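Written below as structure tokens is the structure these notes are about.
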There are 2 protein chains.
Amino acid sequence: MTTPPRPEGYDPRAFEPFAVTVDLAVLTVRAGRLHALLVRRGQEPYAGAWALPGGFVLPHESAGTAARRELAEETGLSGTTVAGLHLEQLHTYTEPGRDPRMRVVSVAYTALLPDPPEPRGGGDAAEARWLPHDEVPALAFDHDRILADARAHVGARLEHTCLATAFCPPEFTLGELRQVYETVWGVTLDRPNFRRKVLTTPGFVEPVEGPPRRTGARGKPAALYRAGRATALHPPLLRPEGRSA
Amino acid sequence: MTTPPRPEGYDPRAFEPFAVTVDLAVLTVRAGRLHALLVRRGQEPYAGAWALPGGFVLPHESAGTAARRELAEETGLSGTTVAGLHLEQLHTYTEPGRDPRMRVVSVAYTALLPDPPEPRGGGDAAEARWLPHDEVPALAFDHDRILADARAHVGARLEHTCLATAFCPPEFTLGELRQVYETVWGVTLDRPNFRRKVLTTPGFVEPVEGPPRRTGARGKPAALYRAGRATALHPPLLRPEGRSA
DNA sequence: GCAAAAGTGTTAGCCTTACACCCATGG
DNA sequence: CCATGGGTGTAAGGCTAACACTTTTGC
């Protein structure tokens, strides 16, 4: 904002006010499929329809704070889960008419989680569930578009950032990390090449000291790694046949 | 937004309303230096201080529409100039207290222009000017941060998109395009390699048919190009020693 | 033993980098 | 004729892509 170009007799309370909300596209990788966290609406409009979790920003809150609060309220995810998740502002949706009730501007966030416990409904959400990304029905409001934008955004950021570790538990194998890429991008990657790329990128991952090893299912046990301190990837890890941002 | 979690007795008009504004980080390359379009505030708070152009979103507008309107009002740039510029949503700033008067949520945009005419003040802006990026004084509100974010964002997007052509006139030489990169990144690029990279990227630029040639200053006349239809760059054009997003 | 996944090695090819060199123009 | 920028060529090196092969586990 700059100089308040108050139109004739402008008074903040005279206009129909803007409501400011947050919407969350919460994504996880579970069983090799990308899942989104959705809630079933308990009220009109769109009562009974699936929607992204979210809600109003309160007067004292920043949008980021509101995002974490709403997520905890509506999905019953634990405080530590919500406190630790990776939140990233995605886009702000401002079209008049996107909410039939009133003028609503929504700040959308993407959030990434390692495979988490089943959520439960709460707050105004009648129900909360993980749905496989390719089985998501039509959503309320413009949430279809927000979810699509979120998926595209995450896919693009996997190329240039260490974001993928946000989908993994604190200690993970390179196979798990690779599966994040494969799931989000919908491709298969060459295991040896992926391994080299990740290990030669300083700060992407760091080995867990005590050489304990963990088994995925069957097959050779894999070494464990933690997320490193790096945040950007140079050079990037481009997806095959890639298109990006 | 999702289920409206109306706190007890919630009524949109009962809360102190949120104001929604847009702020614009308008950048151009002029004389080999990155410039930002700034306005001098005519009113309190921060009267007399430099700030980004911007203003309130009106009830019937989307934020993008408001951005173009405010830019035309405050800087006197022509309608065609404003209509044609490349606008990109950057980030939304929501911290309580970022405006001392009231709760203001601001949707920030970056806009890129080819070297344009000098703007004039208008609307609520006492004065509008291009300032070299490294001579920008402390700005009103949190506009310093917005401008810094915009510069970082543009620099990163030059690597992966055809955004650089937005800084160029409809027909331009490869030297002009290269200068955009060099100016924004603050590096010098190898001319032959830059040329090859641009020309071998399908859809980045296309040659202007009639082999007219234009002289920059002295030196051999250069061939002219138009922006192509491509929007993404694959593979990317990474900045040397690069760091990015 | 066989399937599955981890881990190591190797090679060909692409792309970038660095730099040499010629061309066209203005002073 | 020289400085300046456009345009072409080329060789070295880094990185990726593709694939062969060994290791270690569960069944």
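Convention: sequence-line order gives letters A, B, ...; per-chain numbering from 1. Model, not experiment: these values are computed from the prediction.
N193(A) pairs by the side chain to side chain donor-acceptor pair (under 3.5 Å) definition with D190(A), R196(A), not counting sequence neighbours. With sequence neighbours excluded, the residues forming a side-chain contact (heavy atoms from CB on, under 4.5 Å) with R129(A) are W50(A), E118(A), E127(A), L131(A), listed by chain and number.
To the nearest 0.5 Å, atom CZ of residue R30(A) and atom CD of residue Q179(A) are 13.0 Å apart. The CD atom of E88(B) sits 7.5 Å away from atom CG of L112(B), with the distance rounded to the nearest 0.5 Å. Annotation: the span from C168(A) atom SG to Y225(A) atom OH amounts to 13.0 Å, rounded to 0.5 Å.
You'll find the ring centres of H153(B) and H91(B) outside the 6.0 Å limit.
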Contact pattern, 5' to 3', of nucleotides 15-23 of chain D - B, S or - by protein heavy atom under 4.0 Å: -SBBBB--B
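Taking atom CZ of R178(A) as the reference point, atom P of dG7(C) lies 10 Å away to the nearest angstrom. As rounded to whole Å, 13 Å separates atom P of dA5(C) from atom CD of E176(A). Per the geometry, CG belonging to L189(B) stands 13 Å off C1' belonging to dA18(C), to the nearest Å. Rounded to whole angstrom, the span from the CG atom of L177(A) across to the P atom of dA5(C) amounts to 17 Å. Between R218(B) atom CZ and dG6(D) atom C1' the separation is 14 Å, expressed in whole Å.
Nearest to the side chain of R195(B), among dT8(C), dG6(D), dG7(D), sits dG7(D).
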